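Down below is the structure, laid out as structure tokens.
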Amino acid sequence: MKGTVHYEVCGDIALLSIDNPPVNPLSSGVRQGLFDGVDQALADDAVTGIVITGLHRAFIAGADISEFGAAASEGASLHEVLRIMDKSVKPIIAAINGTAFGGGLEVALCCNYRIAAPTAPVGLPEVKLGLLPGAGGTQRLPRLIGAKAAAGIMLTGDPVAAPPALQMGIIDRIAEGDLIEEAIDYAREIVVSANPLRRIRDMDEKIRADRGDSAILAEVGAQIEKNQRGRFAPVQILKCIETAVNTDDFDAGLDFERERFSECLADPQREALIHIFFAERAANKIPGLTKDLPLIEINKGSIVGAGTMGGGIAMCFANAGIPVKVHDNDADNLARGIKVIESNYARTVSRGRLSQAAMDERMALIIPTVNFDDLGDGDVVIEAVYENLDLKKEIFKRLDSIMKPGSLLATNTSGLDVDAIAAVTSRPADVCGMHFFSPANVMRLLEVIKGEKSTPVTLASAMALGKRLGKVSVVAGNCPGFIGNRMIGGYGRQANLMILEGAMPSRIDEVIYNFGLAMGPFAMADMVGLDLGWRARKMVGGSNDITTRVTDGLCDLGRYGQKNGKGFYRYEPGDRTPLPDPEADEVIRKVAEELGRPQKSFSDDEILKRCIYPLVNIGAMLLDEGHALRAGDIDTVYVNGYGFPAHVGGPMWYADTRGLDNVLADIERFYEESGDDVWKPSNLLRKLVREGRNFASLDAG
Ligand code: NAD
């Protein structure tokens with residue numbers, strides 16, 4: 001059995017120390033050890049109280065994920081452990097030395113009292129993996145801290161640091177000195193007081209107060225609809241909280257929780273979310289990058305361009321405590337860029353999520369300069385000027401002449417040739433792409449583009465910097481659009497073709513929204529602005545691509561999108577809700593008529609396939625070419641950079657769940673009907689179907 005629990009008696013108190021390095025997950029040996037330890041302490045008349053703590057850096061970091069889904073595992077079940085703890089006539093104190101997450105916090109909640117080290121975080125992160133706290137957490141936490149606060153913790157899954165946990169009442173004390181000594185003293189205090197033992201299962205003050213307040217649960221439901229639309233587990237968590245609030249029978253609540261937990265366990269969303277959880281971690285493992293590489297030490301950053309991206313990237317540096325110089329050759333743009341950063345921070349301060357002092361510290365780390373040469377002492381420079389290859393080459397020539405030797409040279413291009421940019425320097429080995437997503441200070445994704453000559457040190461240093469900036473980094477090969485933008489091209493193209501074939505933008509947007517993205521392609525286009533592409537096309541004398549005809553027609557009528565209240569939709573002043581507009585629909589009808597496109601009716605599923613399957617086919621091409629290392633990397637890109645719903649696991653995982661043979665059959669049919677290159681079935685997809693395999697099997701090796 002994996003893991004163990006050491007038993008020792010300190011005077012009259014039994015001390016149970018969990019030992020399952022590094023983070024003490026609740027594996028079979030730990031569960032059995034806890035059961036035996038409590039049993040032994042209860043049987044020993046010389047023992048009057050029990051303290052449970054963890055060795056190493058965690059109390060208990062949660063369930064052992066590797067045991068999930070396994071048939072009956074060895075050792076006592078967690079429920080058996082909690083039952084014996086619940087029945088204890090001797091006080092049990094949790095001495096929370098470090099992380100107490102998931103089942104770890106549930107064990108602590110089953111103790112009579114909790115004392116924590118000042119640095120120990122607690123939390124119930126199950127929702128992130130499509131689950132709910134299934135060992136009494138949904139029933140105990142509302143009884144302890146009230147429904148609203150408990151919902152906040154269980155629905156976000158975010159950790160709570162010890163001081164706020166004390167304030168909320170999740171823990172009773174924070175240790176001022178030696179945690180174990182204080183926990184043992186605490187146990188003795190309780191024994192001496194001879195008061196009845198406090199058990200959360202018997203507490204009803206908070207839930208009785210909540211029972212009369214239906215607004216609390218309605219508010220939680222509305223939060224789920226807003227932030228976790230389409231997710232199964234949050235709804236089950238809400239049902240469990242409702243049960244806790246509305247029933248006095250604690251054991252019935254536990255039974256209800258167990259049933260909801262089993263449903264979550266069986267739901268496909270759980271597997272998809274676990275896939276994403278592991279895919280994000282696997283993305284860090286790059287063949288050829290060993291741990292002992294001499295990484296570039298980054299103490300100072302430099303950024304060229306203070307626009308949307310340069311400003312957001314500067315905030316990432318400041319948030320990570322790294323001083324950063326920001327240069328723009330246009331003094332007005334530089335001043336505007338810094339103002340935008342300032343107002344972004346000010347908004348966070350006004351929402352109470354950042355102190356004014358912290359904002360001031362961050363602003364002080366961002367040093368604007370109109371002098372290009374000032375950038376030279378940066379350990380890394382990130383170029384974020386306009387998306388123009390000649391301009392970027394020019395900038396890199398100049399960077400080559402000023403940057404100190406050994407610094408990392410990165411471009412934030414959205415899809416231009418990184419090798420062409422690197423080639424103008426005398427040090428292409430030090431160049432790579434670092435493609436942030438907008439808004440860069442918010443979006444978690446970073447694509448690190450491996451140029452032909454980028455060395456392992458360059459790549460590993462860019463990945464390590466991404467990690468420091470709090471990003472999920474994925475390595476992509478140097479092809480037009482890299483991973484994310486190359487794939488999105490096919491999605492947008494099909495959406496624009498479908499409106500010429502009889503599907504209205506609102507219908508397509510609705511299907512995509514219902515699938516789980518924040519918005520569909522046309523609402524998104526209106527938000528970004530239709531005029532950007534239109535102006536670019538005009539500059540090169542127009543385009544023959546029929547998929548841009550409607551957008552151009554809309555712009556010709558002055559319909560630029562949200563920015564001026566009309567695009568594919570119309571907008572009321574100050575409101576971003578897209579509303580239907582006959583003028584826009586008429587543009588679509590006319591273009592379709594001019595092009596003589598046959599009109600047809602679409603099912604929702606057909607619309608969905610036309611939008612999502614190009615992602616799958618192009619994703620397979622990227623894998624085949626080696627421009628993406630793993631199917632899981634592609635899913636990580638889409639979930640973290642494009643708002644693809646994590647609970648369907650990303651486009652490649654989604655394709656697996658629909659069956660690759662079915663996906664290929666549809667792609668072949670679309671290819672036959674349209675001859676469109678996007679539908680030319682990828683060789684890899686064909687091969688996998690021939691061999692009866694799926695994308696996940698590629699990652700499994
Ligand atoms: P932007 O227009 O907001 O900002 C570009 C800035 O570069 C401007 O302030 C401009 O004055 C400055 N600049 C231009 N020439 C310069 C020069 N010679 N020296 C110094 N500064 C100069 O553009 P953006 O949206 O921030 O995009 C920047 C880059 O990031 C582009 O390559 C773009 O493709 C890429 N990108 C953009 C997004 C996005 O959503 N906006 C997302 C990812 C990547």
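Note: hydrogens, waters and symmetry copies are ignored here, and every other heavy atom, side chains too, is used. Whatever order the structure lists them in is the order used to number ligands and atoms, beginning at 1. Since this is a predicted model, take the numbers as computed values, not measurements.
Heavy-atom contacts from other residues, nucleotides or ligands closer than 6.0 Å to NZ of K404 number more than 12. In this structure, K128 places its NZ atom where more than 12 heavy-atom neighbours from other residues, nucleotides or ligands lie under 6.0 Å away. Counting heavy-atom neighbours within 6.0 Å of E452 CD, excluding the residue itself, gives a total of 12 or less.
In the model, T547 has no side-chain atom that pairs as donor or acceptor with a side-chain atom of N496 under 3.5 Å. Of the N and O atoms on the side chains of Y345 and N441, not one donor lies less than 3.5 Å from an acceptor on the other residue.
The contact set between ligand 1 and K392, taken as ligand atoms under 4.0 Å from a residue heavy atom, comprises 31 (C), 32 (O). Using a 4.0 Å cut-off to heavy atoms of H327, the atoms of ligand 1 that qualify are 20 (C). Numbered from 1 in the order shown, with element, the atoms of ligand 1 that lie under 4.0 Å from a heavy atom of V304 read 20 (C). Heavy-atom proximity to S438, at under 4.0 Å, picks out these atoms of ligand 1: 39 (C), 40 (O). Atoms of ligand 1 found under 4.0 Å from any heavy atom of S414 (numbered from 1 in listed order, with element): 33 (C), 34 (O), 35 (C), 36 (N), 37 (C), 43 (C), 44 (C). Those atoms of ligand 1 with a heavy atom of H435 less than 4.0 angstrom away are 43 (C), 44 (C).
Only side-chain heavy atoms of I395 come within less than 4.0 Å of ligand 1; its backbone N, CA, C and O stay farther off. With a 4.0 Å cut-off on non-hydrogen atoms, F436 touches ligand 1 through its backbone and not its side chain. Counting heavy atoms under 4.0 Å from ligand 1, residue N333 touches it through the side chain alone. Residue contacts with ligand 1 for T411 are absent, since no atom lies close enough (heavy atoms, distance under 4.0 Å).
Relative to the six-membered ring of F317, R468 misses at least one condition, a distance below 6.0 Å or an angle of at most 45° to the axis. Remark: R576 fails to qualify as a cation-pi partner of Y571 under the 6.0 Å distance and 45° angle criteria applied to the six-membered ring.
In terms of protein heavy atoms, atom 3 (O) of ligand 1 is closest to T308 N, 2.9 Å. Looking from atom 14 (C) of ligand 1 to the surrounding protein, the closest heavy atom is Y386 CE1, 3.4 Å. Counting only heavy atoms of the protein, atom 26 (O) of ligand 1 lies nearest to M309 N, 2.7 Å. Considering only non-hydrogen protein atoms, atom 31 (C) of ligand 1 sits nearest to V385 O, 3.2 Å. Among all protein heavy atoms, the one lying closest to atom 4 (O) of ligand 1 is G307 CA, 3.2 Å. Counting only heavy atoms of the protein, atom 15 (N) of ligand 1 lies nearest to L391 CD2, 3.7 Å. Nearest non-hydrogen protein atom to atom 30 (O) of ligand 1 is N412 ND2, 2.9 Å. Scanning the protein for heavy atoms near atom 9 (O) of ligand 1, the closest one is D328 OD2, 2.6 Å.
Distance check on atom 23 (O) of ligand 1: every protein heavy atom falls at or beyond the 4.0 Å cut-off.
Look at R336 and you'll find every heavy atom at least 4.0 Å from all atoms of ligand 1.
Exactly one of R610, K609, R507 qualifies for a salt bridge (Lys or Arg N to Asp or Glu O under 4.0 Å) with D604. That residue is R507. Of the options I499, T551, L500, I546, a side-chain contact (heavy atoms from CB on, under 4.5 Å) to V591 is made by L500 and by none of the others.
When V326, N329, L389, D330 are ranked by how near their heavy atoms come to atom 13 (N) of ligand 1, first place goes to N329.
Between F670 and W679, the two ring planes are tilted [angle within 30° to 60°]. H327 and F372 have perpendicular rings, their planes meeting at more than 60° on a 0 to 90° scale where under 30° would count as parallel.
Residue M443 holds its CE atom at 8.5 Å from OH of Y642, rounded to the nearest 0.5 Å.
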Apply the test salt bridge (charged side-chain N to carboxylate O under 4.0 Å, His left out) to residues D545 and R537: give CA-CA distance (whole Å), side-chain angles for both, the deciding distance (0.1 Å), then the verdict. CA-CA 10 Å; D545 185 349; R537 285 187 290 280; over 6 Å; no

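Considering backbone and side-chain atoms together, G310 places no N or O closer than 3.5 Å to any N or O of ligand 1.
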